[in-house]
Amino acid sequence: MSLLDAGIIMVAGVAAGIINVVAGAGTLITFPVLLALGIPPVTANVSNTVGLVPASISGAYGYRRELQGQWRSVLWMASLSGIGGLTGGAALLLLPAENFSIIVPFLLVIAAVLAAIQPRVAAYVRRRSSAEAASATRPLTFGLILGVFCTGIYGGYFGAAQGVVLLALLGIMWSTDMNRANGAKNVLAGVANVISAILFITMGIVDWPVAILVGVGSAVGGWIGSRIGRKLPAPILRAILVAVALIAALVLFVT
């Protein structure tokens, strides 16, 4: 890896950290950048997952107050998300690498669409919150449990825009409190990310220089985003990450 490549990865990590705070789906920045630098898709995905672990943990910890009194339900969902993450990570390792190369363009398109509709999802949840008590939190249902498990599988296998799906799922089927739903989303996505990362590390397939650069960059970006996030034009950032994802998918389709 050249010094220039390292710098590009670090900058992409910073951008991903900022976007995760402002708009979500920062993986849609780091993953295409790693592909553009010639890193094989599976290695790029694995190393990116490991690199984002610190951000996942800090994001979950930051919302601990919003989840007071709800930890039993959250831990039940987190266990299912973790099992799903392990399942998705195992599928990534067991299926031929060629399969991932074929599937990932479609996943990028899906993730781009999810990132694009995130404002509508958030607005829908807020409308429900204004119509009901903001603290209304419902018991776990089979549909919610199944959705969390399936989202965990997606997170372990690829993961881009996993948080968007979880926020919609939790906001509609669990809690009308946006902050509580967002806090649970951070925990569930973080658990799936950590479990799959442990699997990847155990198998010894992580490109550690890449993972460390992404991790440091995203940590810095998250710190920046937490301070200036509300002042940044989120629609523009979201448009950028959607465009990047679609361009990356197009390049993978034709190569």
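Residues: numbered from 1 along the sequence shown. Values below: every heavy atom of this structure, side chains too, minus hydrogens, waters and symmetry copies.
- A distance-only check finds a donor-acceptor pair linking the side chain of Asn45 to the backbone of Tyr157 [under 3.5 Å].
- Here the shortest heavy-atom pairing between Leu169 and Gly147 reads CD2-C, 3.5 Å.
- Under the 4.5 Å side-chain heavy-atom criterion for Ile, Leu, Val, Met, Phe, Trp and Tyr, Leu93 and Ile102 are members of distinct hydrophobic clusters.
- Side chain of Thr151 to main chain of Leu166: no donor-acceptor pair is present (N/O by atom type, distance under 3.5 Å, no hydrogens or angles).
- Minimum interatomic distance between Gly51 and Ser218 (heavy atoms only, all atoms of both residues): O-OG, 4.0 Å.
- Put simply, the side chain of Val187 does not reach to within 4.5 Å of the side chain of Met77, judged on heavy atoms.
- Taking the side chain as every heavy atom from C-beta outward, Leu250 and Leu246 never approach each other to under 4.5 Å.
- Grouping the Ile, Leu, Val, Met, Phe, Trp and Tyr side chains by contacts below 4.5 angstrom, directly or via other members, places Val42 with Ile103.
- For Thr30 against Ala12, the heavy-atom pair with the smallest separation is CG2-O, 3.6 Å.
- By the 4.5 Å heavy-atom criterion applied to side chains, Phe200 and Ser196 are counted as neighbours.
- Here the straight-line distance linking atom OG1 of Thr49 with atom CD1 of Ile201 works out to 10.5 Å at 0.5 Å rounding.
- Neither Ile110 nor Ile153 shares a network with the other; the hydrophobic side chains, linked directly or stepwise wherever heavy atoms of I, L, V, M, F, W or Y lie under 4.5 Å apart, form separate groups for each.
- More than 12 heavy-atom neighbours from other residues, nucleotides or ligands sit within 6.0 angstrom of CH2 on Trp71.
- In the hydrophobic cluster analysis, where Ile, Leu, Val, Met, Phe, Trp and Tyr join through side-chain heavy atoms closer than 4.5 angstrom, Val148 is grouped apart from Ile83.
- Trp174 and Leu146 fall into different hydrophobic clusters, where Ile, Leu, Val, Met, Phe, Trp and Tyr are joined by side-chain heavy atoms under 4.5 Å apart, directly or via other members.
- In this structure, Ser47 contributes its side chain and Thr43 its backbone to a donor-acceptor pair below 3.5 Å.
- The shortest distance between side-chain heavy atoms of Leu144 and Leu170 falls below 4.5 Å.
- When all heavy atoms are compared, the tightest approach of Val206 to Ala211 is CG1-CB, 3.9 Å.
- The shortest non-hydrogen separation linking Arg180 to Ser175 is CD-OG, 3.6 Å.
- Side-chain contact check for Leu199 versus Ile195: every heavy-atom pair is 4.5 Å or farther apart.
- The CD1 atom of Ile39 lies 9.5 Å from the CG atom of Asn48; values are rounded to the nearest 0.5 Å.
- Between atom CZ of residue Phe149 and atom OG1 of residue Thr87 there is a gap of 4.5 Å, rounded to the nearest 0.5 Å.
- Atoms CG and CD1, from Asp207 and Ile212 in turn, are 9.5 Å apart once rounded to the nearest 0.5 Å.
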- [ ] Could you please spell out the steps behind the side chain to side chain contact (heavy atoms under 4.5 Å, CB included) verdict for Leu37 and Met1?
- [x] CA-CA 9 Å; Leu37 294 176; Met1 181 189 303; over 6 Å; no
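- Contact detail for Leu35 and Pro41: the closest heavy-atom pair is CD2-CA, 3.6 Å.
- With a 4.5 Å cut-off on side-chain heavy atoms, Val50 and Trp208 count as touching.
- Within a 6.0 Å radius of CE in Met203, other residues, nucleotides and ligands contribute 12 heavy atoms or fewer.
- Distance check: Leu140 CG to Leu80 CG gives 8.5 Å after rounding to the nearest 0.5 Å.
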